[in-house]
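The chain is numbered in sequence order, starting from 1. On a predicted model such as this, the values are computed, not experimentally measured, just so you know.
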Amino acid sequence: MSFLKLAVLAVFTMNAQAILAGDPLLLPSDAAALVVETKSGEQRFSIEVADEPAEWRRGLMFRTTMADDHGMLFVFDDSQPRGFWMENTPMPLDLLFVGEDGKVRAIEEGQPSSSTPIAPTVAAHFVLELKAGAAQRAGIQLGVRLRHPLIDTVVSHRLQRR
């Protein structure tokens, strides 16, 4: 077996073992806050960034607590309809589906430990997971703009293509 195949197998095995063990994925908090521009002013969230397939698959699985002003931003390579589920996720969540323009296109509720797909028909380049009720408490509604360097880069690139 080649070195590359062995390395891929080792990473897959470690990821599978972590899931089976019920270990949460703990990513470092990003240095930049995620800012939401609401009608009542800016709301700031500390976020972890999931920008790789292994991180997308794990997300907030096995987390039992999270601060009200904390979340996980899923960053994808393109915009398309996205599907999530809450299997192995004991915390209820708000899922915000965000377009490449940085605007919230759908807000869905995630029920703990559910395998029911959460898949609005909107194209999303980003998905932000927050503690359940955080979106409403922060005044986040459809069409509000999210700002973060990762989102702003996509927005800027999109405007340059015009």
Side-chain angles (χ1 to χ4, degrees), residues 8 11-12 14-15 18-19 23-89 91-110 117-162:
V8 169
V11 169
F12 175 78
M14 288 186 297
N15 190 38
I19 290 174
D23 295 332
L25 173 67
L26 299 173
L27 298 170
S29 289
D30 197 78
L34 182 135
V35 178
V36 184
E37 300 172 348
T38 70
K39 290 179 182 177
S40 60
E42 292 184 350
Q43 302 293 320
R44 294 181 176 276
F45 291 88
S46 168
I47 59 166
E48 298 171 46
V49 175
D51 58 1
E52 297 179 10
E55 296 167 348
W56 301 334
R57 286 189 295 275
R58 293 290 302 283
L60 293 172
M61 281 184 179
F62 308 109
R63 298 272 184 103
T64 56
T65 62
M66 185 168 66
D68 291 343
D69 65 346
H70 191 80
M72 183 174 280
L73 180 67
F74 293 77
V75 179
F76 298 100
D77 297 329
D78 60 2
S79 291
Q80 63 178 304
R82 305 278 174 200
F84 280 65
W85 72 87
M86 299 283 296
E87 193 169 314
N88 298 318
T89 308
M91 253 188 331
L93 299 172
D94 290 339
L95 289 86
L96 286 68
F97 293 80
V98 181
E100 63 183 10
D101 58 359
K103 293 183 180 178
V104 176
R105 294 187 175 172
I107 302 172
E108 301 287 335
E109 294 179 15
I118 302 166
T121 57
V122 300
H125 201 100
F126 309 92
V127 175
L128 176 63
E129 291 185 341
L130 301 172
K131 202 170 170 179
Q136 183 178 9
R137 285 189 299 277
I140 300 172
Q141 300 175 340
L142 296 182
V144 301
R145 172 98 158 76
L146 276 58
R147 290 194 340 260
H148 181 273
L150 293 169
I151 296 172
D152 295 344
T153 298
V154 171
V155 171
S156 175
H157 180 57
R158 178 179 171 263
L159 292 174
Q160 290 173 0
R161 289 188 314 216
R162 286 185 171 179

Next item on the list: Can you see which heavy atom on I107 is nearest to which on L96, and at what distance?
Entry: CG1-CG, 4.2 Å
Notebook entry, point to check: How long is the gap from OG1 on T89 to CZ on F62, to the nearest 0.5 Å?
Noted result: 7.5 Å
Check: side-chain contact (heavy atoms from CB on, under 4.5 Å) with H125: which of V154, L150, V155?
Finding: V154
Check: salt bridge (charged side-chain N to carboxylate O under 4.0 Å, His left out) with E48: which residues, sequence neighbours excluded?
Finding: R63
Note to self: How close do F97 and E108 get, counting heavy atoms only, and between which atoms?
What the structure shows: CE1-CG, 3.8 Å
Notebook entry, point to check: Atom CG in L93, atom CE in M86: separation rounded to 0.5 Å?
Noted result: 4.0 Å
Check: For the residue pair V122 and A106, what are the closest heavy atoms and their distance?
Finding: CG2-CB, 3.9 Å
Margin query: So which atom in A50 and which in M72 form the shortest heavy-atom distance, rounded to 0.1 Å?
Written below: CB-SD, 4.0 Å
Next item on the list: Can you measure from CG (L60) to CG (L95) and round to the nearest 0.5 angstrom?
Entry: 9.0 Å
Margin query: Less than 4.5 Å apart, side chain to side chain, heavy atoms only: is that true for I151 and F126?
Written below: yes
Check: What's the shortest heavy-atom distance between G83 and A119, and which atoms?
Finding: CA-CB, 3.9 Å
Check: Out of curiosity, E109 CD to D94 CG, how far, rounded to the nearest 0.5 Å?
Finding: 6.5 Å
Check: Looking only at heavy atoms, which two atoms of Q80 and D78 are closest? And how far apart?
Finding: NE2-OD1, 3.2 Å
Can you give each donor-acceptor pair under 3.5 Å made by side-chain atoms of residues 128-142, sequence neighbours left out, with the distance rounded to 0.1 Å?
{"residue": "K131", "atom": "NZ", "partner": "M66", "partner atom": "O", "Å": "3.0"}
{"residue": "K131", "atom": "NZ", "partner": "D68", "partner atom": "OD1", "Å": "3.0"}
{"residue": "R137", "atom": "NH1", "partner": "G133", "partner atom": "O", "Å": "3.4"}

Notebook entry, point to check: Does D30 have any side chain to side chain donor-acceptor pair (under 3.5 Å) partners at least two apart in sequence or in another chain, and if so, which?
Noted result: H148
Checklist line | Residue pairs, two or more places apart or on separate chains, that pass ring pair (Phe, Tyr, Trp, His ring centres under 6.0 Å) and touch residues 29-61 | finding: W56-F76
Checklist line | Whether R82 side chain and A124 backbone form a donor-acceptor pair below 3.5 Å | finding: yes
Margin query: My understanding is that only residues two or more places apart in sequence, or in another chain, count here; which of them pass side-chain contact (heavy atoms from CB on, under 4.5 Å) with R147?
Written below: V35, E37, E42, R145, D152
Check: Q43: what forms a side chain to side chain donor-acceptor pair (under 3.5 Å) with it, not counting sequence neighbours?
Finding: none
